[in-house]
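See structure below.
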Amino acid sequence: MIDYHIHTPLCNHARGKMGTYVKRAVEKGLHEICFLDHLTISEPGNRLSMTPGEVPLYFQAIQNLKQTFRGDISIKAGLEVDFSPEHADLIKQITETFSFDVIGGSLHFPGNIDIVNSRSGWKQGSLDTNDVYRLYFSQLKTMFEYDYFDVICHIDLPKKFGRKPSINFEKEFDEILTVIRDKNFTVELNTSGYNHPVSEAYPAFDIIKKCQKSGVSMTLGSDAHHPDDVGRHFGRAISLLRSAGYTKLASFTERRRMDIPIENLTGV
Ligand SMILES: [Zn+2]
Ligand SMILES: [Zn+2]
């Protein structure tokens with residue numbers, strides 16, 4: 001089993017040492033994990049992220065853990081990068097300076113609106129639901145014009161607090177899916193949603209089915225912000241993937257995708 005979305009205390013809102021995350025993964029029988037900690041350059045999210053200056057330290061810490069746990073588990077190095085068009089060059093430079101295995105693209109702050117924090121206007125209900133979804137999908141499309149990332153993290157994130165739009169965004173989503181397929185992006189099945197008010201995985205099952213029909217590859221991540229989160233809800237996740245017709249999961253080495261047959265996955 002693999003877990004391709006693990007945070008570290010460098011983002012200022014995850015608990016537990018990096019080594020403890022690895023130990024939990026070994027205990028749960030995972031055979032590969034990928035650190036995918038936040039790199040958010042702009043306000044308001046940059047307080048909840050490592051700084052660009054910390055990236056070398058982060059990358060080196062992963063290399064050290066690879067050595068320490070050699071033979072027990074495979075450890076990959078990644079970043080969860082927030083979309084920030086004004087810093088696109090800096091992001092590209094950072095991601096290309098180090099030999100990261102995978103770069104995730106996320107949109108936690110469409111148009112600088114915070115859609116993840118529990119104290120946000122989005123959570124509190126002070127924003128128009130349809131407007132936020134419209135903004136999110138339009139920003140996602142803009143994000144796809146850049147090519148610094150391999151995986152799209154929690155693609156239907158606006159549903160986090162259980163707010164669903166009253167208008168149908170299927171047409172917008174189908175357009176998005178076409179770009180994902182054409183650009184050969186991988187979509188992440190992120191199980192943290194089971195612990196959020198929406199109480200379901202990202203993305204929803206109908207989106208997983210659409211991705212499968214379009215031939216889009218998927219990977220799997222817990223979005224662990226605590227060592228005990230590693231591999232959470234993976235039994236449910238694998239059932240969803242199988243029901244949607246998936247037989248493989250994507251893993252990455254130095255930004256190259258490799259498919260792992262689901263039937264070979266054990267652990268958790
Ligand atoms: Zn995220
Ligand atoms: Zn994350």
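Numbering of ligands and ligand atoms starts at 1, following listing order.
Outside the 6.0 Å centre-distance limit, the rings of F83 and F149 are not counted as a close aromatic pair.
Using modelled atom types, one finds no donor on one side chain facing an acceptor on the other under 3.5 Å when comparing D150 with T186.
Using a 4.5 Å heavy-atom threshold, the side chains of Y246 and I208 count as touching.
The Zn ion (ligand 2) has no N, O or S atom of D37 inside 2.8 Å of it. Between the Zn ion (ligand 2) and H7 there is an N/O/S contact shorter than 2.8 Å. For residue D223, no N/O/S atom approaches the Zn ion (ligand 1) to within less than 2.8 Å. At a cut-off of 2.8 Å, H5 coordinates the Zn ion (ligand 2) through an N, O or S atom. Taking backbone and side-chain atoms together, H38 has no N/O/S atom less than 2.8 Å away from the Zn ion (ligand 1).
No cation-pi contact links R232 to Y194, judged by a cut-off of 6.0 Å to the six-membered ring centre and 45° from its axis.
Rounding to 10 degrees, one finds that the Zn ion (ligand 1) sits at the corner of an angle of 100° between H108 NE2 and H154 NE2.
For the side-chain contact (heavy atoms from CB on, under 4.5 Å) with D223, the qualifying choice from T191, N190, D3, I6 is N190, the only one to do so. Checked against K160 for a side-chain contact (heavy atoms from CB on, under 4.5 Å), the options I115, V198, V116 give a single hit: V116.
Nearest to the Zn ion (ligand 2), among the N, O or S atoms that E80 has, is OE1.
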